[in-house]
Amino acid sequence: NAAGALTVGVGQFHDPPEVQGLAHFLEHMLFLGTKKFPEESGFDEFCGQAAGYSNAYTSMNSTTYHWILSHEHLQEALDRFSSFFIEPLFTESATEREMQAVDSEHNKNIQEDSQ
């Protein structure tokens, strides 16, 4: 197998007060297409077809993106993954949808925390 990860030193504590959830939102958006690989679920599908998976999480001080797949696909995985951080698309349709998804996750977490 081959794997990759990148941790960015920006998390929830870095969100501006007027834009809470921004780091988590950006975590979602980077998976949704790049200039070179514009398919919204392209990286997830690529990893799945290469017997692997990808995921990410946002903590208080950082955001980590990670993946694993069969080693034969390492070079293409690196090309696809690096493009997240070079030219993400941030399409209007994905932006609206992911704002709703992050808000929904946040509301679910608040309910779980209160139990």
Side-chain angles (χ1 to χ4, degrees):
N1 285 337
L6 177 71
T7 297
V8 179
V10 177
Q12 295 172 6
F13 286 162
H14 299 93
D15 289 342
E18 66 278 6
V19 193
Q20 292 295 300
L22 181 61
H24 188 192
F25 168 74
L26 294 174
E27 169 206 312
H28 281 233
M29 290 300 293
L30 290 186
F31 280 96
L32 299 177
T34 67
K35 184 175 180 181
K36 188 171 184 179
F37 302 100
E39 309 81 25
E40 276 196 13
S41 57
F43 190 72
D44 287 337
E45 289 175 8
F46 167 75
C47 288
Q49 292 169 356
Y53 67 90
S54 64
N55 207 342
Y57 62 90
T58 302
S59 68
M60 297 303 161
N61 291 306
S62 64
T63 304
T64 299
Y65 304 84
H66 56 96
W67 46 269
I68 188 169
L69 42 68
S70 61
H71 67 90
E72 298 87 8
H73 302 280
L74 177 60
Q75 290 302 314
E76 184 175 351
L78 291 170
D79 190 24
R80 288 174 172 270
F81 185 63
S82 65
S83 71
F84 284 12
F85 307 97
I86 297 168
E87 291 184 301
L89 286 183
F90 290 83
T91 63
E92 188 173 331
S93 63
T95 298
E96 184 62 35
R97 187 179 61 248
E98 293 308 313
M99 284 174 48
Q100 296 298 323
V102 168
D103 187 55
S104 177
E105 283 182 42
H106 175 70
N107 289 333
K108 178 185 70 84
N109 291 338
I110 288 174
Q111 289 176 353
E112 288 175 3
D113 287 347
S114 67
Q115 295 178 2

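Criterion: ILVMFWY side-chain heavy atoms under 4.5 Å apart, direct or through other members. Under it, M99 and L89 are not part of a common hydrophobic cluster. Taking hydrophobic clusters as Ile, Leu, Val, Met, Phe, Trp and Tyr residues chained together by side-chain heavy-atom distances below 4.5 Å, F31 does not share a cluster with I68. Tracing side-chain contacts under 4.5 Å through hydrophobic residues (I, L, V, M, F, W, Y), one never reaches L22 starting from Y57; they form parts of separate clusters. Using a 4.5 Å cut-off between side-chain heavy atoms of Ile, Leu, Val, Met, Phe, Trp and Tyr, with links allowed through other members, L30 and Y53 fall into different hydrophobic clusters.
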- Item | side chain to side chain contact (heavy atoms under 4.5 Å, CB included) between K36 and I86, worked out | CA-CA 10 Å; K36 188 171 184 179; I86 297 168; over 6 Å; no
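Atom CE in M60 sits 10.0 Å away from atom CG in D15 (nearest 0.5 Å). Atom-to-atom distance recorded for W67:CH2 and N55:CG is 14.0 Å, nearest 0.5 angstrom. Between atom CZ of residue F90 and atom CG of residue L26 there is a gap of 5.0 Å, rounded to the nearest 0.5 Å.
Side-chain atoms of E87 do not come within 3.5 Å of backbone N or O of K35 as any donor-acceptor pair. The main-chain N or O of F13 is never found under 3.5 Å from a side-chain atom of N61 such that the two would form a donor-acceptor pair. In terms of modelled atom types and a separation under 3.5 Å, the side chain of T63 and the main chain of V10 share a donor-acceptor contact. Without hydrogens or angle criteria, S59 side chain to S62 main chain gives a donor-acceptor distance under 3.5 Å. In this structure a side-chain-to-backbone donor-acceptor pair under 3.5 Å is present from T34 to F37.
F43 has its ring centre less than 6.0 Å from the ring centre of F84.
Residues G21 and V102 come closest through the heavy atom pair O-CG1, 4.1 Å. The two atoms that bring A94 and E40 nearest to each other are CB-OE2, 3.7 Å, heavy atoms only. When every heavy atom of R80 is checked against every heavy atom of G42, the shortest pair comes out as NH1-O, 3.8 Å. In terms of heavy-atom proximity, G9 sits nearest to H14 at O-CE1, 3.7 Å. In plain terms, the two heavy atoms of Q20 and P17 that are nearest each other are NE2-CA, 3.4 Å.
If you run side chain to side chain donor-acceptor pair (under 3.5 Å) between T58 and each of H28, H24, E27, Q12, only E27 comes through. Exactly one residue among D103, V19, T95 makes a side-chain contact (heavy atoms from CB on, under 4.5 Å) with F25. That residue is T95.
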